[in-house]
Colleague: 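Starting off with a structure, shown below.
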Amino acid sequence: MWLTIAVISTLFIGVSTILSKIGIKDADAYVTGAVTNSVLLLAFAGTALFTGKFDQISDMGMWTWISIAASGAVLSISWVFYFLGLKGGSVSVFLAIQSLTIVVSMVLCAVFIKEKITLFMIIGTVMIITGTLLMMDREELSALKNKKIWQSDQRWILFAAISAVLASVSYVIVKADKAPIDTNVTSTFRYIIVVVLLWIIFFSKKKQSSFKEIAPKCWLFILLGAAASGAGHVLVYKALFLGKAAVIMTIYRMGMVISIILSRIFLHEKLQKKGWFGFALLVAGVVLFAVGR
């Protein structure tokens, strides 16, 4: 049962990235981020309410609340850079950079939570990093050497990397809390913070006029992407509750494969031969990393 749920969640996540990319093409990244996370909040809150888990609030201690607040604040900034990166770059390379969350999380968990790093994890890390670099084209690789990358058209690479690092920090903060509280409950309160901060950032950027500039078709894809993302996140947490975390997270990471294949079909994105080799190396690295855990 949990294996089926994990596979379905991966399909939702894979599709959500493509839908969001189509929607964000002619829409503001700040609007897309705020709306998407508002839908995610509704998904977590609705699931917690439907399953009757909100009665666990009384069991939430001070550290859990601190963890929620800290991870929520970090995650909100991560989402800002996520959508800025997604809007500016190709789905394939963007997701390859996002996969570096695995590497960053490994290092942070080893340093702060004292988790062990195995040989398989190290080899998987090398494969992930190498695969990511191989998937980049010449212009993108050149941008990495540019000290003024923040001001260049390739700054989305930096945005994607910042998003990945901050998402890893948020993950480690959440993981450090060992309280047996249902994930949908803690995620509801975490995403309340995320949504509030994202809307504050949106209004501080004075982006109100961008609402009127978004075509109905764009809104449709943004909302569909948000709904798919919400379903994917809720289902993967359900799978984690029922089954083996290492297997589930490996399957979940394969959402990247679905997104990259769909980006070729619907967005007509292309990879060079070395890019496809890098893609295969990246996927193998993710699997090896999971096995090593």
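Throughout, residue positions are numbered sequentially from 1 according to the sequence presented.
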Colleague: Identify the two heavy atoms, one from Val185 and one from Lys53, that lie closest to each other, and give their separation to 0.1 Å.
Modeller: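 Scanning both residues, the minimum pair turns out to be CG2-O, 3.3 Å.
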Colleague: Taking the six-membered ring for Trp, are Tyr82 and Phe159 ring centroids under 6.0 Å apart?
Modeller: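 Centroid separation for Tyr82 and Phe159: 6.0 Å or greater.
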Colleague: In residues 30-41, what donor-acceptor pairs under 3.5 Å come from side-chain atoms, sequence neighbours left out?
Modeller:
{"unit_1": "Thr32", "atom_1": "OG1", "unit_2": "Asp28", "atom_2": "O", "d": "2.9"}
{"unit_1": "Thr36", "atom_1": "OG1", "unit_2": "Thr32", "atom_2": "O", "d": "2.7"}
{"unit_1": "Asn37", "atom_1": "OD1", "unit_2": "Trp79", "atom_2": "NE1", "d": "3.1"}
{"unit_1": "Asn37", "atom_1": "ND2", "unit_2": "Gly33", "atom_2": "O", "d": "2.8"}
{"unit_1": "Ser38", "atom_1": "OG", "unit_2": "Ala34", "atom_2": "O", "d": "2.7"}
{"unit_1": "Ser38", "atom_1": "OG", "unit_2": "Trp199", "atom_2": "NE1", "d": "3.1"}

Colleague: Who pairs with Val104 by side-chain contact (heavy atoms from CB on, under 4.5 Å), at least two apart in sequence or on another chain?
Modeller: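 Listed in chain order: Leu108, Val165, Ser168.
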Colleague: Are Val174 and Thr183 close enough that some pair of their side-chain heavy atoms sits under 4.5 Å apart?
Modeller: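 Not touching, per the 4.5 Å side-chain cut-off.
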Colleague: Going only through I, L, V, M, F, W and Y residues with side-chain contacts under 4.5 Å, is there a path from Ile66 to Ile193?
Modeller: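 No, Ile66 does not connect to Ile193 through the hydrophobic network.
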Colleague: For residues Leu197 and Ser76, report the shortest heavy-atom separation together with the two atoms involved.
Modeller: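 Reported closest heavy-atom pair: CD1-OG, 3.3 Å.
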Colleague: Among Leu75, Ile77, Thr101, Val80, find the one that has a side chain to side chain contact (heavy atoms under 4.5 Å, CB included) with Leu166.
Modeller: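 That would be Ile77; it is the only one of Leu75, Ile77, Thr101, Val80 passing the side chain to side chain contact (heavy atoms under 4.5 Å, CB included) with Leu166.
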Colleague: Tell me, yes or no, whether the heavy-atom count around Lys274 atom NZ, taken from other residues, nucleotides or ligands under 6.0 Å, exceeds 12.
Modeller: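 Atom NZ in Lys274 is packed in, count exceeds 12.
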Colleague: To the nearest 0.5 angstrom, please state how far the CD1 atom of Ile24 sits from the OG1 atom of Thr17.
Modeller: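 If I round to the nearest 0.5 Å, the distance is 11.5 Å.
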Colleague: Grouping I, L, V, M, F, W and Y whenever their side-chain heavy atoms are under 4.5 Å apart, do Leu267 and Leu11 come out in a common cluster?
Modeller: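 As far as the 4.5 Å side-chain criterion goes, Leu11 and Leu267 are connected within one cluster.
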Colleague: Which atom pair, heavy atoms only, marks the closest approach of Met135 to Gly278?
Modeller: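 What the structure gives for the nearest pair is CG-C, 3.9 Å.
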Colleague: Mind listing the closest non-hydrogen atom pair of Lys87 and Lys25 along with its distance?
Modeller: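 Looking at all heavy atoms of both residues, the closest pair is NZ-O, 3.2 Å.
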Colleague: Just how far is it from atom CD1 of Ile162 to atom CZ of Phe81, taken to the nearest 0.5 Å?
Modeller: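 The CD1 atom of Ile162 sits 4.5 Å away from the CZ atom of Phe81.
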Colleague: Identify, with sequence neighbours excluded, every residue that meets side-chain contact (heavy atoms from CB on, under 4.5 Å) alongside Phe12.
Modeller: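 Counting only residues at least two positions away or on another chain, Phe12 forms a side-chain contact (heavy atoms from CB on, under 4.5 Å) with Ile8, Ala228, Ala231, Leu235.
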Colleague: Using modelled atom types only, decide if a donor and an acceptor are shared between the side chain of Ser71 and the backbone of Ile68 within a distance under 3.5 Å.
Modeller: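 Looks like yes, one N/O pair under 3.5 Å.
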Colleague: Under the rule for side-chain contact (heavy atoms from CB on, under 4.5 Å), what residues qualify as partners of Lys217, not counting sequence neighbours?
Modeller: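 side-chain contact (heavy atoms from CB on, under 4.5 Å) list for Lys217, sorted by chain: Phe221.
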Colleague: List the steps, then state whether side chain to side chain contact (heavy atoms under 4.5 Å, CB included) holds for Asp26 with Glu213.
Modeller: CA-CA 9 Å; Asp26 297 312; Glu213 299 170 0; over 6 Å; no
Colleague: May I have all residue pairs that pass ring pair (Phe, Tyr, Trp, His ring centres under 6.0 Å) and include part of residues 41-78, sequence neighbours excluded?
Modeller: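 Matches after skipping sequence neighbours: Phe44-Tyr191, Phe44-Tyr237, Trp65-Phe189.
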Colleague: Indicate if Val286 and Ile117 have the same hydrophobic cluster label, given that clusters are the connected sets of ILVMFWY residues with side-chain heavy-atom separations under 4.5 angstrom.
Modeller: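 Same cluster.
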Colleague: I need the Met121 CE to Leu119 CG distance, nearest 0.5 Å.
Modeller: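 If we round to the nearest 0.5 Å, Met121:CE and Leu119:CG are 11.0 Å apart.
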Colleague: Test of understanding: clusters of I, L, V, M, F, W, Y form through side-chain heavy atoms closer than 4.5 Å, transitively. Do Ile97 and Val126 belong to the same one?
Modeller: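 No: no chain of side-chain contacts under 4.5 Å links Ile97 to Val126.
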Colleague: Would Ile192 and Met62 show up in the same hydrophobic cluster when neighbours are defined by side-chain heavy atoms closer than 4.5 Å?
Modeller: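 Different hydrophobic clusters.
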Colleague: Got a sec, which residues hit side-chain contact (heavy atoms from CB on, under 4.5 Å) with Val257, two or more places apart in sequence or on another chain?
Modeller: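 Counting only residues at least two positions away or on another chain, Val257 forms a side-chain contact (heavy atoms from CB on, under 4.5 Å) with Met254, Ile261, Phe279, Val283.
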Colleague: Shortest non-hydrogen contact from Ser263 to Ile18?
Modeller: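 Between these two residues, the closest heavy atoms are N-CD1, 3.6 Å.
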Colleague: Does any N or O in the side chain of Ser229 come within less than 3.5 Å of the main-chain N or O of Ala226, such that one atom is a donor and the other an acceptor?
Modeller: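 Answer holds: no.
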Colleague: Supply the atom-to-atom distance Leu84 CG to Leu158 CG, rounded to the nearest 0.5 angstrom.
Modeller: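 One gets 11.0 Å once the value is rounded to the nearest 0.5 Å.
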Colleague: Say whether, by atom type as modelled, one donor and one acceptor occur between the side chain of Ser170 and the main chain of Ala167 under 3.5 angstrom.
Modeller: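 Pair absent, no side-chain N/O of Ser170 close to backbone of Ala167.
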Colleague: Answer yes or no: is there a side-chain heavy-atom contact under 4.5 Å between Ile123 and Leu288?
Modeller: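 Yes, side chains in contact.
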Colleague: Check whether any side-chain heavy atom of Ile222 lies under 4.5 Å from a side-chain heavy atom of Ser20, and answer yes or no.
Modeller: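 No. Closest side-chain heavy atoms not under 4.5 Å.
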Colleague: Determine the minimum heavy-atom distance between Gln98 and Ser163, stating which atoms define it.
Modeller: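 In this case the closest contact between Gln98 and Ser163 is NE2-OG, 3.4 Å.
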Colleague: Determine whether a donor-acceptor pair (N or O, by modelled atom type, separation under 3.5 Å) exists between the side chain of Gln56 and the backbone of Asp182.
Modeller: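 A pair under 3.5 Å: yes.
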Colleague: So, Glu269 side chain and Val91 main chain: donor-acceptor pair closer than 3.5 Å or not?
Modeller: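 Indeed, once roles are kept as given, a pair shorter than 3.5 Å links the two residues.
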Colleague: Any donor and acceptor pair, going by atom type alone, linking the side chain of Ser204 with main-chain N or O of Ile201 inside 3.5 Å?
Modeller: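 Flag set: sc Ser204 to bb Ile201 pair under 3.5 Å.
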Colleague: To the nearest 0.5 Å, what is the distance between CD1 (Ile181) and CE (Met60)?
Modeller: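 Separation between the atoms: 6.5 Å.
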Colleague: Within this structure, what is the OG-CG distance for the pair Ser92 and Leu271, rounded to the nearest 0.5 Å?
Modeller: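 The distance works out to 4.5 Å.
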